[in-house]
S.K.: 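Submitted below is the structure of interest, expressed as structure tokens.
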Amino acid sequence: MTENAWTRWPSREALGRAGTTRARRVLVWAVRLLVLALPLWGAFSQRHVGIWGGVAAAAGVILAALVSWAFFRTTYEHRLVPSLALIGVLLGIAVAAEATGFRGPALVIWCGCGVGALERLPLGAAVPVASVALASYAAFTNDVWLSTAATVAGMALAGYVLRLDAEARGNAQRLLAQERAARLAEAESAALAERARIAREIHDVLAHSLSAQLVHLEAARLLIENGADRERILERVVAARGMARDGLAETRQALSALRGELTPLEDFLTALVSSADGAEVTVTGERRPLPAEASQAVRRVAQEALTNVRKHAQGAKVAVRLDYSEHEVTLNVRDSGGRPGELNGAGGGYGLLGMRERAELLGGSLDAGPDEEGFVVTLKVPV
């Protein structure tokens, strides 16, 4: 429901000083001091009242200034009844000043009440108050009617323009606060996303490393149970130790990759398959740098796929194909099939599931399953 314009207060941002420039604040205080000086001068310039009368008039001007300050505070707090009561006190001080012969201060107070009401009160209350104040000014001023009408119209227009200016400044302050809040929320969201990305990256690295270690440790256990010689068992243990060392190195590389320090993807795949017998890499399409997350997804899927070949298809030939297209990159890891290894049951089977989740988070897909000869893993990631 739209708020009624006649009962709506100017916002606190509009009534406050936030967002005003130093030059504007200096100008505002200069105007306030000038408005205060005019009644004081008028009070002491009246020769017929004497010194004590002038002092009393000056006290009345100071009282009017204090009431005006209180009016500014109550309007800032959107308290209508106290605000109307205070502006009524100001109008009463103006009437008393006029009755005692201090017309100059009275006229200044009436004009100030008219402008202040239009600037700071809801329009439903501001229009009657401003009408009474400016009508009182018009009734007691000595100017000709045309000058009086121009002054009254100018004061009313000045009050409304000040109101519009304050509301525009208040709207700008609210928009600025909303923008800052949005930027803060965006920064917090980015930080959370970055933490989640780092956690997923470290998880995938450790999962691959531990899975590879499990392969060798399980092999060592089976060799021990079958009474194999010491050299074969030691070979598996050393390989497991190497996997642990490689896992730590890959963790550091993953953190470096998150900072953009990536080795070329083609070089990584070549080095990866160099340790696997019967594996080859083919790259098609126009080569180009990939975003860090997409590049890491390709690397992890390739690692996981080759680990699965070693576990479930010993002796299989592996073809790794990396294809760059216009809007996506595709990794295809295909093996020719082989005998199930003695470690066929090792591991929990969650590696490809984690890779599929990673691909879906990037807006891509991962398909894994048997084909006519062996097993195929296909990753597609938009870039």
Side-chain angles (χ1 to χ4, degrees), residues 193 196-212 215 246-247 250-251 253-254 256-258 260 262-276 278-313 316-338 347-383:
R197 187 163 72 105
I198 292 174
R200 175 171 291 275
E201 192 63 43
I202 300 302
H203 167 270
D204 291 341
V205 170
L206 294 179
H208 169 75
S209 174
L210 293 175
S211 177
V215 169
D246 293 342
E250 288 180 11
T251 301
Q253 291 174 4
S256 297
L258 292 174
L262 286 169
T263 58
L265 182 56
E266 299 80 10
D267 296 344
F268 174 84
L269 294 178
T270 301
L272 183 64
V273 303
S274 63
S275 60
E280 60 180 12
V281 177
T282 304
V283 181
T284 61
E286 182 181 354
R287 303 185 184 187
R288 61 184 184 276
L290 300 180
E293 291 185 349
S295 178
Q296 286 297 93
V298 173
R299 295 163 195 253
R300 296 293 166 253
V301 170
Q303 286 179 321
E304 184 65 28
L306 290 177
T307 298
N308 287 340
V309 170
R310 287 194 295 268
K311 289 169 60 176
H312 307 299
K317 293 183 178 180
V318 183
V320 179
R321 182 185 181 89
L322 182 65
D323 177 59
Y324 291 95
S325 61
E326 184 178 358
H327 300 295
E328 68 180 10
V329 61
T330 302
L331 174 71
N332 185 277
V333 181
R334 181 187 302 269
D335 66 69
S336 61
Y350 295 106
L352 289 178
L353 177 61
M355 295 299 103
R356 181 175 287 110
E357 292 176 353
R358 174 191 282 265
E360 291 175 352
L361 286 175
L362 297 176
S365 63
L366 185 142
D367 296 319
D371 68 349
E372 297 179 356
E373 296 181 354
F375 199 84
V376 181
V377 177
T378 303
L379 170 70
K380 295 183 178 181
V381 180
V383 294

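All of these numbers come straight from a predicted model, not from anything done at the bench.
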S.K.: Please output the side-chain donor-acceptor pairs of residues 324-332 that fall under 3.5 Å, not counting sequence neighbours, one pair per line with the distance.
M.R.:
{"residue": "Tyr324", "atom": "OH", "partner": "Glu266", "partner atom": "OE2", "Å": "2.4"}
{"residue": "Ser325", "atom": "OG", "partner": "Glu328", "partner atom": "N", "Å": "3.4"}
{"residue": "Ser325", "atom": "OG", "partner": "Glu328", "partner atom": "O", "Å": "2.7"}
{"residue": "Asn332", "atom": "ND2", "partner": "Thr378", "partner atom": "OG1", "Å": "3.0"}

S.K.: Give the minimum heavy-atom separation between Val298 and Leu379, together with the two atoms involved.
M.R.: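 Closest heavy-atom pair between Val298 and Leu379: CA-CD2, 3.8 Å.
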S.K.: Would Val318 and Leu306 count as a side-chain contact (heavy atoms from CB on, under 4.5 Å) if you check the C-alpha gap in whole Å, the side-chain angles of each, and the deciding distance to 0.1 Å?
M.R.: CA-CA 8 Å; Val318 183; Leu306 290 177; 3.6 Å; yes
S.K.: To the closest 0.5 Å, what do you measure between CZ (Arg321) and CD (Glu280)?
M.R.: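 Nearest 0.5 Å value for the CZ-CD distance: 10.5 Å.
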S.K.: Could you list the residues that satisfy side-chain hydrogen bond (donor to acceptor under 3.5 Å, both in side chains) with Asp323, not counting sequence neighbours?
M.R.: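 For Asp323, the residues satisfying side-chain hydrogen bond (donor to acceptor under 3.5 Å, both in side chains) (neighbours in sequence not counted) are Thr284.
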S.K.: Which residues pass the side-chain hydrogen bond (donor to acceptor under 3.5 Å, both in side chains) test with Thr282, sequence neighbours left out?
M.R.: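 If we apply the side-chain hydrogen bond (donor to acceptor under 3.5 Å, both in side chains) test to Thr282, skipping adjacent residues, there are no hits.
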S.K.: Could you tell me the separation between the CD atom of Gln303 and the CG atom of Leu269, rounded to the nearest 0.5 Å?
M.R.: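 CG of Leu269 is found 9.5 Å from CD of Gln303.
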S.K.: Taking Ser295 for its side chain and Leu290 for its backbone only, find out whether a donor-acceptor pair lies under 3.5 Å.
M.R.: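 Judged by distance alone, no pair lies under 3.5 Å.
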S.K.: Using the test side chain to side chain contact (heavy atoms under 4.5 Å, CB included), find all partners of Glu360 that sit at least two apart in sequence or belong to another chain.
M.R.: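 Testing Glu360 for side chain to side chain contact (heavy atoms under 4.5 Å, CB included), a comparison that skips the adjacent residues, returns Arg356.
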